[in-house]
Amino acid sequence: MVLVLALGDLHIPHRASDLPTKFKSMLVPGKIQHIICTGNLCIKEIHDYLKSLCPDLHISRGEYDEDARYPESKTLTIGQFKLGVCHGHQVPGHPMGDLDSLAMLQRQLDVDILITGHTHQFKAYKHEGGVVINPGSATGAYSSITNDVNPSFVLMDIDGLRVVVYVYELIDGEVKVDKIDFKKTSTTASAH
Amino acid sequence: MLAEVGREDEEKWLAEGIAGLQQNAYYMGRALDTNNLRDALKYSAQMLSELRTSKLSPHKYYELYMRAFDELRKLEMYFKEETRRGVSITDLYELVQHAGNVLPRLYLLCTVGSVYITSKEAPAKDVLKDLVEMCRAIQNPVSGLFLRSYLSQISRDKLPDIGSEYEGDADSVIDAVDFVLQNFTEMNKLWVRMQYQGHVHEREKREKERNELRDLVGKNLHVLSQLESVDLVMYKETVLPRILEQVVNCKDDLAQYYLMDCIIQVFPDEYHLQTLETLLGACPQLQPTVDIKTVLGRLMDRLSNYAASSGEVLPEFLQVEAFSKLSTAIGKVIEAQVDMPIVGAITLYVSLLTFTLRVHPDRLDYVDQVLGACVKKLSGKAKLEDSKATKQIVALLSAPLEKYNDIVTALKLPNYPRVMDHLDNETNKIMAVVIIQSIMKNNTCISTADKVEALFELIKGLIRDTDGGAFDEVDEEDFKEEQNSVARLIHMLHNDDPAEMLQIISTVRKHILLGGSKRLPFTVPPLIFSALKLVRRLQIQAGDVGEDAPTTPKKIFLILNQTIEALSAVPSPELALRLYLQCAEAANDCDLEPVAYEFFTQAFILYEEEVADSKAQVTAIHLIIGTLQRMNVFGVENRDTLTHKATGYSAKLLKKPDQCRAVYACSHLFSVDDQDGIKDGERVLLCLKRALRIANAAQQMANVTRGGSGPVTLFIEILNKYLYFFENGNPQITSSVIQDLIELIMTETQSESTAADPSAIAFFNSTQRYIRFQKQKGGALGEKYEPIRV
């Protein structure tokens, strides 16, 4: 059982002052093995905070990030899964024709699980034998693309060929949890 | 060396004293066993003579005294036995006075006196009065203190207190008090006299010795506090005034400090409340070197705890006007002690404030009064330099924040900002950060423009340069942190009413525009987004709002435009460009075509004139393309102009691969429904073909310059774009077009000059897999894909 935290688009301090208190109390150091961040933190303080939760931190660059050295995209392998992360502001056509424009990115990175952000809207779906996850905005930050943004983040539990995606959303002051199951059909990439 | 010798000598003398004492005690014991009273008295007097020494320090003297004390208990018991056997106590009392030396005589008298009182043959008060007076004969401080201490010890359980068996007639109640008070007074005099003995350079040693003896003096106050007869009335009218009289008159700072503290610790808080005026009245009369602020601080602490102990005592505080008395007393002390350093005065005010917050938390006027007194003390002086004093002021200002957990309450205190004004720049900023942190921690929402104004005035040290010049010394990391806190703060300012919210935004804007070019990149973005949130709220609100309404999106966009413009002073073109695009999108959602167009214009101008770095240009053009693609408010003409510009800039990027990617990104711009509902398939294809040409050129360049092949990836990316539009029903993109491209890529990947590029190969493979996947799907899509061979 490997726990991977996926979050992004915090936009601190441009669009939000801090993570919601209820989220902060849930995110405790030592419980998570990897963190994947879609970008737009935006400042070093937040980078340091995430690092304190888990030293294995992977970040892709968002267009407002203070640190310009984050990579445009990153891939890594966790267990049987190949994961890729990219903020998404660079993807043409996105979010219109959402699925299809992200599909190219998924093929290009050749990953099982693609994690992107930018829209501040949680999404998790199967696409062409892979999974696309958008953890939304962890602070519920303003987005020009999405109207009503609820703070959200994702926790993935990777176990063998199976990944359970837990999404935590803060709605009207309460944390609501939902889960989605995905199974990889073989050990080679993208089988049908 | 000298001290060493002294100590060795002392040990020797003590040993000698103990030896002498024990020897005489032994003989005294023998005499008692054989009922030889005369001898017993003789030896006991000799034993007690050891206490006549003046060679021992109090610490060592005490050891001798304790042994004598124990031996005298045996004597006392014998006396008791004797009186039971019929010996007259008055005879005994007279007999012991034959002892040669005064000190042993008095010890023996006290011992007999104790038995005398127990026998009840004379009223306790008479015996006690006699004894306390006779002890005057000993004026040597150490011997005298211990003698009187002995008197106090043995009389303790025999005082004619209320309810005691020794209580005499009605008047004698005061006699117990009188006795103890007199003993106390004489002991204090002896204690003070110690200060003047010996050489001047031995002062430190003397003070140390005095401190060792202080509890002997203080014990008397303890005894007084335990007497039943000392009720509030007795305390107020007799006990306290007499004690204070001695305290003030002795004019000794060591005694004064200790005794004031003793009074406060020993007597009940209820008494202190009721005698506050008297107690505080003594303070200015004390020696100027007495650390009265510590004493007052302790008094206020005790009273605060008393108040906290039960809600029922609170009215008492009001009734005795505790606050005003303390406040006046402190004022007087500060005035009287002219040389008191500023940190002393501030510390006093901190104690008073703590007291006020605990006892009268609802009385903001009291809190403000304390701050005001502080302001008065600080005014007329230059800004504080003393770090201890500034620390105390930070404590002073933090106390209300911590108590009320709500900056809004602190904002109501008119003297609060005035105190802050007296801090040096550095500390002022620290305090401002403390304030912001308090707001963040408590999730306080500041909800009116007035409060925001007051708040920003308070934290002005962070918002702008005050008394310039000091700015250059600021550490960059610290500066960033400070400004980021201000940025975060801006999100805590909110009101649901749009008109009020707009006022808040305007107020913040007014302040941050004074911040100078170093601060704007931090403070402008949060304000912009705060305003955009307001726009969205207005948009959602149903109903048509007339043009004359106070708050319309249009008005806000005007403010936004002007605010982003301020970034040109920094200059911060990339940030400004992003913000213009955000505003354009928001204007799009409000259906304001001209406003959206204007924002795009500004973004393009910045791109043209200010964004010089090639990497920054790539990101910027993609942002422009992405945003433009989402616009649906533009008419054909406007849309065409902007699209044309975007495509043009894409083709002019420095590096060929970047050009290629930007150009094919533009293909999406042509894919938007125009007003006739027709997607311009032709122009999409043209765009993609252009991208293809650029990719070819890039290939050739790579051949020439590197001798190897170039970016096959570009072709694969373009292929994927073809597939996207193919699936989307673009009639211009046919399966044969796609087939051609696939062939091209296959040729490239198989040619020898292709450097093995695993990621490109993988990409192509996954693309091919995708095509196969679609073919297998069947249905309309499968049919479409049918002709394509992979």
Side-chain angles (χ1 to χ4, degrees), chain A residues 11-18 20-21 42-46 61-66 68 72 75 82 87-97 99-111 118-119 127-130 139 141-149 188-192, chain B residues 440 443 480-481 484-492 522 525-526 528-530 532-533 536 540 575 578 581-582 584-586 588-589 615 619 622-623 625-627 629-630 661-662 664-668 671-672 713 716-717 720-721 723-724 727-728 759 762-763 765-767 769-770 772-773 776:
Chain A
H11 288 284
I12 297 172
H14 294 161
R15 308 189 198 183
S17 56
D18 206 354
T21 327
C42 309
I43 49 178
K44 183 171 176 292
E45 266 176 59
I46 305 303
R61 192 179 72 91
E63 77 274 37
Y64 286 89
D65 273 312
E66 180 184 67
E72 296 289 319
T75 56
K82 225 181 140 197
H87 180 251
H89 66 270
Q90 316 93 325
V91 177
H94 176 52
M96 305 177 63
L99 291 89
D100 299 324
S101 31
L102 283 182
M104 171 173 135
L105 183 60
Q106 190 172 14
R107 276 173 242 142
Q108 187 166 15
L109 296 176
D110 195 29
V111 292
H118 188 49
T119 62
H127 190 68
E128 305 164 24
T139 54
Y142 170 90
S143 161
S144 54
I145 303 168
T146 310
N147 260 355
D148 238 326
V149 184
T188 58
S190 296
H192 313 296
Chain B
M440 303 287 304
N443 246 320
K480 264 192 190 170
E481 256 185 70
N484 278 326
S485 337
V486 176
R488 288 163 108 149
L489 174 65
I490 293 177
H491 297 291
M492 312 302 289
F522 295 94
I528 301 298
F529 285 106
S530 200
L532 286 175
K533 276 196 250 197
R536 184 164 281 159
I540 292 171
L575 179 59
R578 282 157 176 71
L581 290 177
Q582 290 282 336
E585 251 189 289
N588 175 74
D589 294 340
K615 202 159 170 241
T619 314
H622 277 283
L623 286 174
I625 295 169
T627 312
Q629 194 210 322
R630 293 192 286 270
R661 290 187 173 109
Y664 77 60
C666 287
S667 63
H668 287 275
S671 174
V672 177
T713 324
I716 307 171
E717 289 173 35
N720 273 274
K721 279 293 143 200
L723 291 175
Y724 173 88
E727 284 192 28
N728 250 300
S759 61
F763 190 11
N765 285 339
S766 59
T767 312
R769 265 202 309 272
Y770 173 70
R772 279 182 224 124
F773 185 56
Q776 277 166 28

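Chain identifiers are assigned alphabetically (A, B, ...) following the order of the sequence lines, protein sequences preceding nucleic acid strands; residue numbering begins at 1 within each chain.
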### Task
Mind ranking B/I625, B/T619, B/I716, B/L532 by heavy-atom pairs under 4.5 Å with chain A and telling me who comes out on top?
B/L532
### Message
If we ignore hydrogens and angles and just use 3.5 Å, is the side chain of A/K82 paired with the main-chain N or O of A/D110 as donor and acceptor?
### Response
yes
### Query
Are the side chains of B/N720 and B/F763 in touch, meaning some heavy atoms are under 4.5 Å apart?
yes
## Note on the structure
If one checks every heavy atom of A/S143 against chain B at 4.5 Å, the contacting part turns out to be backbone
### Proximal component of B/L623, with respect to chain A [non-hydrogen, under 4.5 Å]
side chain
### Task
Using non-hydrogen atoms and a 4.5 Å limit, figure out which bit of A/A141 sits close to chain B: side chain, backbone, both or neither.
neither
## Note on the structure
Under 4.5 Å to a heavy atom of chain A? For B/D589 that would be side chain
### Query
Between A/Q90, A/E45, A/H11, A/E72, which has the largest tally of heavy atom pairs under 4.5 Å with chain B?
A/E45
### Query
What part of B/N588 is in contact with chain A, defined as an atom under 4.5 angstrom from a non-hydrogen atom: side chain, backbone, both or neither?
neither
### Query
Heavy-atom distance under 4.5 Å between the side chains of A/C42 and A/I12, does that happen here?
no
#### Entry: Min side-chain heavy-atom separation B/E585-A/I145 under 4.5 Å
yes
### Task
Please determine if B/E481 and A/K44 form a salt bridge, counting it only when a charged side-chain N lies under 4.0 Å from a carboxylate O.
no
### Query
Given the options B/K533, B/M440, B/R536, which has more heavy-atom pairs under 4.5 Å with chain A than any of the others?
B/R536
### Message
Regarding A/E63 and B/R578, does a basic nitrogen lie under 4.0 Å from an acidic carboxylate oxygen?
### Response
no
